[in-house]
Amino acid sequence: MKRFVLLANMLLLLVIAIIIQEIPLDVTIHLNEAFKNFSTVNIFGTDNLGRDVFSLALSGGLRTWEAVVIASSISFIVGSLLGLTSGYFEGLLGEIIKSLVDLVMIVPSLISALIVTAFLGINPVTAGIALGLFGIGTYMNQANHLTIREKEKEYVQISHLLGVPWYIIVYRRIYKNILPELFVNLGNTASHVVLSYAALTFIGLGSDFVRPDWGAMLYEYRNYIVLRPTLLIVPSLCIFWTSLSIHLFFDSKHS
Amino acid sequence: MIHISEYSHNTRNQMKSFRLISCPIFLNGVGVHMNYYLKYMLKTVIFFFIMTILIFITVRLMPASPVDMLLQHLSLPPTEANRRELIVEYGLDKNIVSQYGIWMKHILSGSFGNSLLSNTSIGEEMMRRLPYSFGLGMGSLVLSIILSFFLGYGASLKKNGFIDVFTRFLSIFTLSFPSFIVALIIIYVFSIKIPLFKFYSGNPFWGLFFATLLLVFYQSANLTRVARTAFVTMQEKTYVKAYLMRGFPLSYVLLHHCYKPVLYSILSASISKFSTVIGGSVVLEFAFFIPGISYFLISSIMSRDYTVIQAYLVILFIWMYLVHFIVDLLLRFLKGRDA
C-alpha cells in the first residue's frame, strides 16, 4: 500500500510538473472567461471569476502542505519533548507539565485555531502554529507512557550506573528507542491537519479571499453546486486524495 | 487524575495506557476512592480558576480594541470623548484585578455578563442555544458508541467478511474526507435535487437530524475499529475458549460475556474523541445553520464580541469536564467488576 501511494503521488507530481511547463500558473481574475469547461488551456475549467481552477487547486495545495508541515512538526517535537521530560521526572515537574497540557487539550484544536486565526488572519503559518500547539497532547501522553515504560529497562539502568548525564539518557537514548512508536501517530495527525485547515478556511474567519485555499474554494463555489458541480468536485478530491495518501503512507497497519 | 488523553491510533496501546492510569486507585478500596474524588474536585476548581485567568488575559491581549469595534458597530466617530464614555460605561477604567473579580461574579451567578454588541445577558442566550449543541454532541456520542459496539461485534465474528471490509473502508473514508463536504452533498441531494427537507427555513430540526447522523457516522467509523480489535482480543481469552469448547456459539459468548471489556475500550477511546465531536459540530452547525452555541461563537467572532468568546470558552471548559467526569465514572464502574 505504501509503495502504491508513493508511486501514484510521484506520477501525479510528474504530470503536474509537465503541465506547469506548458501552462504557467495563473490565479488572476478574467471576468470575461468565467465558467469555462475543461480544456487544454484551463485543465479544470474556470470559476465564477474566470480564474483557472487548476492553478487555484495547486496553489491551495501548496498552502495546505505548508500548514501540515508546520502543525505536525510543532505537535511532534514539542509534544514528544514534553512527554519525555514529564515521563522521566514523574514527580512534581511531571504533574505540572501534564496539567498544563491538559489545559491545552480541553479546548478542541479546531475551536482554538478558529479563534486564533480569526484575530491574526488566516494563513498557513498562523493556522499551522495554532493547530500544532493545540495538538501536542497526543504526543505528550504517548511519549509520557512510553518513557515510563522504557525507564525500567536495563540499558537505562546501566546508563545511570555509568554516570551518563540525564539529558543524554532522556533526549538521546530513550528518545531513539520510542521514536518508531511515536511515528505511528504522525499520519493520523497530518491527515487531521489537512481536514482542519480545510474546515478553517471553509468557515473562513479572517481569511484573505485573494489567496486560494481548498476549503475557501468549497465555500465560494457552494452556490454553483447545481450549475457547475465540477467546481466543488475538484477541491473535494484534492482534500480527499491528500489526506488519504498521508494516512495510508504513514499507517503501518495497511502496508 | 483526568483522562483527557488523546490516545494513539493503535488501540491495544490505548487500552494498555489507560489501565496504567486507572488501576491502582481502584484496588485501594472505598476510602481512597472518596479521597480520589475530593482531589479530583479540588483539581477541577484550581483548573477552573487558572483557565479563567488565562482566558481573561488572552482576550485582553487581542489586537483589536473592543471599544473601537463597538464605536464602529454603533457607527459613531472614534473620538476621545466617545471612547472615554464607553470605557467608563463598561467599567474598563477599573484596574484589571477588580475587572476580573466582576467577571468572576458574573460567571458564578450564571449570567456571564452582557454581550458587548446587543447588551443582552449572555447566560440567557447560551441557555437558549445550549440544548441544540448539547443534543448534537451527547446524542451523537451515545449513538455512535451503541452503533460501533454492534458493528464491531459483527466485524469480529467474520474476519474479512462484509461488515469488516465495509467498516475498514468507512474508517479510512472518514479520516480523509471532511464532514462539511458531505453536509454540502446532503443539502444538495435532499433539499435541491429531491426537495424533501428544508434546512434554512428557520426550523433547525432537519439540520440537527442530519448533523447528528453525520457526526454518528464519522465517530462510529473510527470507534468500530476499536470495538472490533477489542472483540478479537477477547476471542483469545481462556474463558472464551472454554465456553467455545463446551459448545456455546461464538456469537453468544461474545455478546453475553465479553461486553464489559469491549465497552470499556470503546468508552476510553471515545473520551479522547470527544474534543473532535465538538470541533466537528462547529463546522456542521455552520454548514446546516443550527443555532447552537458554536454557531453563536462564529457569529460573535465575526463581530468581535469579546465577552461572548470569553463566556463560550468557560462554558466549553465546564462541558468538557462534565463529560470527562461522567465517562470516567462509567469507566470505573466497568473496570471494577472486571479487573
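The figures that follow rest on heavy atoms only: side chains count, while hydrogens, waters and symmetry mates do not. Below, chain A is the first sequence line, B the second, and so on; all start at residue 1. None of these values were measured; they are calculated from a predicted model.
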Which of the residues B:L54, B:I278, B:L184 is involved in the greatest number of heavy-atom pairs with chain A at under 4.5 angstrom?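 Of B:L54, B:I278, B:L184, B:L184 has the most heavy-atom pairs under 4.5 Å with chain A.
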
Give a yes or no on whether the ring-centroid distance for A:W214 and A:Y197 is below 6.0 angstrom.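 So the answer is no for these two rings.
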
Counting the benzene-type ring for Trp, do B:Y321 and B:F325 have ring centres under 6.0 Å apart?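 No, the ring of B:Y321 stays outside the 6.0 Å limit from the ring of B:F325, centre to centre.
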
Evaluate the criterion side-chain contact (heavy atoms from CB on, under 4.5 Å) for residue pair B:Y218 and B:V182; output intermediate values, then yes/no. CA-CA 11 Å; B:Y218 267 77; B:V182 186; 3.5 Å; yes

Is chain A contacted by the side chain of [X], its backbone, both, or neither, given a heavy-atom distance below 4.5 Å?
| X | value |
| --- | --- |
| B:S300 | neither |
| B:F177 | both |
| B:I181 | side chain |
| B:I187 | neither |

Between B:F210 and B:F197, is a ring pair (Phe, Tyr, Trp, His ring centres under 6.0 Å) present by the stated rule, with each step listed? CA-CA 10 Å; B:F210 278 106; B:F197 314 112; 5.3 Å; yes

Within a radius of less than 6.0 Å around CZ of B:F48, do more than 12 heavy atoms belonging to other residues, nucleotides or ligands occur?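 Check passes, neighbour count above 12.
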
When you measure from the side chain of A:N188 to the backbone of A:S191, do you find a donor-acceptor pair of N or O atoms at a distance under 3.5 Å?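 No, A:N188 side chain to A:S191 backbone: no donor-acceptor pair under 3.5 Å.
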
Between the main-chain N or O of A:I174 and the side-chain N or O of A:E150, is there a donor-acceptor pair closer than 3.5 Å?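 Answer holds: no.
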
So which of [options] has the biggest tally of heavy-atom pairs under 4.5 Å with chain B?
| options | answer |
| --- | --- |
| A:V194, A:V107, A:I115 | A:I115 |
| A:L205, A:T189, A:N144, A:L110 | A:L205 |
| A:L114, A:V101, A:L200 | A:L114 |

Contact origin within A:I225 toward chain B - heavy atom pairs under 4.5 Å: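 Its backbone and side chain both get close to chain B.
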
At a 4.5 Å cut-off on heavy atoms, which part of A:I203 comes close to chain B: side chain, backbone, both, or neither?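 It is both, since atoms from each part get that close.
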
Who are the side-chain contact (heavy atoms from CB on, under 4.5 Å) partners of A:S99, not counting sequence neighbours?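 If we apply the side-chain contact (heavy atoms from CB on, under 4.5 Å) test to A:S99, skipping adjacent residues, the hits are B:K43, B:F47.
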
Taking B:K159 first and then B:D164, would you say they form a salt bridge - that is, a charged N and a carboxylate O separated by under 4.0 Å?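 No, B:K159 and B:D164 are not salt-bridged.
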
Using ring pair (Phe, Tyr, Trp, His ring centres under 6.0 Å), reason through B:F286 and B:F180 one step at a time and then give a plain yes or no. CA-CA 9 Å; B:F286 182 70; B:F180 58 87; 9.4 Å; no

Within 45° of the axis and under 6.0 Å from the centre of the six-membered ring of A:Y224, does NZ or CZ of A:R228 qualify?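 Judged by the rule (NZ or CZ under 6.0 Å from the ring centre, within 45° of its axis), A:R228 is not positioned above A:Y224.
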
Interface residues of residues 229-241 of chain A facing chain B - heavy atom cut-off under 4.5 Å: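 The stretch touches chain B at A:L232, A:S236, A:I239, A:F240.
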
